[in-house]
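Only one structure is covered here, and it is reproduced in the block below.
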2 protein chains.
Amino acid sequence: MARLSKQDWLTAALAALAEGGVGAVAVVPLAQRLGVTRGSFYWHFADRQALLREALEWWEQQGTLAVIDRVAALTDPRAKLRSLFEIAITEDPAGGLEPALVAHADDPTVAPVLRRVTERRVAFLTDLYAGIGLPAAHARHQAAVAYATYVGWVQLRRAVPGTLPEVAGDEDALAYLVESLANPRLIEP
Amino acid sequence: MARLSKQDWLTAALAALAEGGVGAVAVVPLAQRLGVTRGSFYWHFADRQALLREALEWWEQQGTLAVIDRVAALTDPRAKLRSLFEIAITEDPAGGLEPALVAHADDPTVAPVLRRVTERRVAFLTDLYAGIGLPAAHARHQAAVAYATYVGWVQLRRAVPGTLPEVAGDEDALAYLVESLANPRLIEP
DNA sequence: CACGTTCCGTACAGTACTGTACGGTCCATC
DNA sequence: GATGGACCGTACAGTACTGTACGGAACGTG
């Protein structure tokens with residue numbers, strides 16, 4: 001398992017990030033897990049932060065845009081909503097990475113990436129809700145609520161898996177969640 | 001500001017926990033912020049983990065049970081729901097502490113506390129939803145969704161405050177959120 | 001005002017990590 | 001089969017933290 005590429009370090013960094021947060025993206029532990037010494041790392045990257053930055057950029061490209069593209073291919077707006085939530089909830093873009101990112105949102109390296117991703121996703125959601133007939137402000141509110149639900153759901157699945165079986169694979173609960181988000185009540189503010 | 005009590009260290013620990021997570025509950029930085037040296041700490045506590053444990057226990061007592069008691073005093077079940085969400089969202093029990101805890105859910109000290117709190121809250125929510133007429137399984141699902149929304153909401157408020165004005169004090173969005181959670185659709189799974 | 005308790009400062013030892021410098025190894029290519 | 005670039009190991013210096021040991025100050029009570 002000798003001779004690593006830059007990408008090896010990036011994927012290892014994302015895995016560590018998902019498990020232990022920003023603090024876990026440390027050179028020594030990663031090197032041990034990869035079976036090399038830090039000599040390898042400092043050849044590929046300038047420093048610890050460079051690794052973190054590049055790993056996050058890679059995730060921003062892969063994880064977020066890919067899903068949006070897949071859903072945008074559909075035509076029926078309500079089908080788009082259902083499909084989006086199903087994909088987002090069940091596929092779990094990068095194995096519990098999101099909770100870790102949200103948790104370290106104050107980190108100067110994480111913050112801008114998280115900001116961009118959140119913005120893009122909520123904007124996309126807002127469009128979808130507008131597409132099924134919600135007025136503008138209404139759609140924006142519903143998008144915020146729906147995105148919060150998504151964030152909380154993956155967060156809980158990771159935090160208390162045994163305690164809350166609903167968030168961890170229960171078919172009925174999942175269907176309920178998707179329907180709840182795809183069919184918002186038309187509440188007058 | 002000399003001569004501290006044990007409680008001084010506990011509250012300082014909770015503040016640090018909210019800001020920087022479990023890793024920020026470190027003796028040296030806390031001592032600096034409190035204007036003393038570590039000599040003080042090791043008189044009050046056996047070690048770092050003792051501080052973390054006692055701080056979490058204190059939070060579990062204060063934060064969670066108090067809110068439930070206040071809401072339980074009301075009679076109308078739907079008013080209970082509204083009141084609960086309003087309190088939970090606006091008062092923010094302990095200043096962004098929850099996101100930090102969820103983030104470090106794998107920490108052996110955090111895990112049991114978080115498990116108990118989540119269990120208690122979801123059970124309480126389930127009762128409330130059953131109280132407004134939802135059948136049992138339905139109520140449980142809705143409780144999970146609602147709690148996820150709450151978790152995500154406070155999480156987002158802390159993570160991307162500028163980006164998502166909805167989650168940070170917007171009156172209309174807040175009202176929309178509360179109504180969404182207090183008036184679930186009656187979806188047949 | 002002595003005196004024990006409560007609380008804090010300081011010094012020491014130990015651990016885990018970050019960066020840097022440099023020497024060495026593997027490997028394709030010519 | 002030598003040569004140069006890609007890759008890794010090792011040693012050194014520096015930082016930030018945890019615990020422990022112990023001496024001493026501050027304080028309330030007799």
Side-chain angles (χ1 to χ4, degrees), chain A residues 1-58 97 100-101 103-104 106-111 113, chain B residues 1-58 97 100-101 103-104 106-111 113:
Chain A
M1 189 53 75
R3 232 97 235 259
L4 302 179
S5 72
K6 197 166 184 172
Q7 185 63 36
D8 291 328
W9 282 97
L10 288 180
T11 54
L14 287 174
L17 192 59
E19 284 182 24
V22 174
V25 183
V27 182
V28 167
L30 281 180
Q32 282 177 344
R33 203 147 74 166
L34 288 169
V36 294
T37 63
R38 297 169 310 133
S40 167
F41 174 82
Y42 285 102
W43 192 88
H44 291 289
F45 299 91
D47 54 12
R48 194 189 103 109
Q49 180 169 329
L51 169 66
L52 187 59
R53 183 170 35 74
E54 295 194 32
L56 289 175
E57 281 168 6
W58 187 83
L97 207 156
L101 289 185
H104 297 83
D106 31 284
D107 184 288
T109 310
V110 172
V113 179
Chain B
M1 190 54 74
R3 232 94 236 258
L4 302 179
S5 73
K6 196 166 184 172
Q7 185 62 37
D8 292 326
W9 281 97
L10 289 180
T11 55
L14 287 174
L17 192 58
E19 285 181 27
V22 173
V25 183
V27 182
V28 167
L30 282 180
Q32 282 177 344
R33 202 146 77 167
L34 288 169
V36 294
T37 62
R38 297 170 310 136
S40 166
F41 174 83
Y42 285 102
W43 192 87
H44 290 291
F45 299 91
D47 54 13
R48 194 190 105 108
Q49 181 169 329
L51 169 66
L52 187 59
R53 184 169 34 75
E54 293 194 32
L56 289 175
E57 281 169 4
W58 186 84
L97 208 156
L101 288 185
H104 297 82
D106 31 285
D107 185 288
T109 311
V110 173
V113 178

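Since we're looking at a predicted model, the values are computed, not measured. Numbered from 1 within each chain, the chains take letters A, B, ... in sequence-line order.
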Quiz item: Checking Thr11(B) side chain against Asp8(B) main chain: does a donor-acceptor pair fall under 3.5 Å?
Solution: yes
Exercise. Look at atom CD of Gln49(A) and say whether more than 12 heavy atoms of other residues, nucleotides or ligands are closer to it than 6.0 Å.
Key: no
Quiz item: Between CG of Leu101(B) and OG1 of Thr109(B), what distance do you get to the nearest 0.5 Å?
Solution: 11.0 Å
Check: protein-nucleotides 10-14 of chain D nitrogen or oxygen pairs below 3.5 Å:
residue	atom	partner	partner atom	Å
dA11(D)	N6	Arg38(A)	NH2	3.2

Quiz prompt | Taking every non-hydrogen atom, the tightest pair across Ser40(B) and Trp9(B) | solution = OG-NE1, 3.2 Å
Quiz prompt | Whole angstrom value for the distance that separates C1' of dC8(C) from CD of Gln32(B) | solution = 16 Å
Quiz item: Are the side chain of His44(A) and the backbone N or O of Leu4(A) linked by a donor-acceptor pair below 3.5 Å?
Solution: yes
Self-check item: Interface residues of residues 40-50 of chain A with DNA chain D (non-hydrogen, below 4.0 angstrom)
Solution: Ser40(A), Trp43(A), His44(A)
Practice problem: Round to a whole Å and report the spacing from CH2 of Trp9(A) to C1' of dA6(D). | Solution: 16 Å
Quiz prompt | Leu30(A) CG - dA16(C) P separation (whole Å) | solution = 16 Å
Quiz item: At under 4.0 Å between heavy atoms, what does Val27(A) touch on the DNA or RNA strands: base, sugar-phosphate, or nothing?
Solution: sugar-phosphate
Quiz item: Side-chain contact, heavy-atom cut-off 4.5 Å: Leu30(B) with Phe41(B)?
Solution: no
Quiz item: Is the closest side-chain heavy-atom distance between Arg48(B) and Val22(B) below 4.5 Å?
Solution: yes
Exercise. Take the protein atom CZ of Arg3(A) and the nucleotide atom P of dT25(C), then report the distance between them rounded to whole Å.
Key: 12 Å
Self-check item: Ala55(A): side chain to side chain contact (heavy atoms under 4.5 Å, CB included) partners, not counting sequence neighbours
Solution: Leu10(A), Ala13(A), Leu14(A)
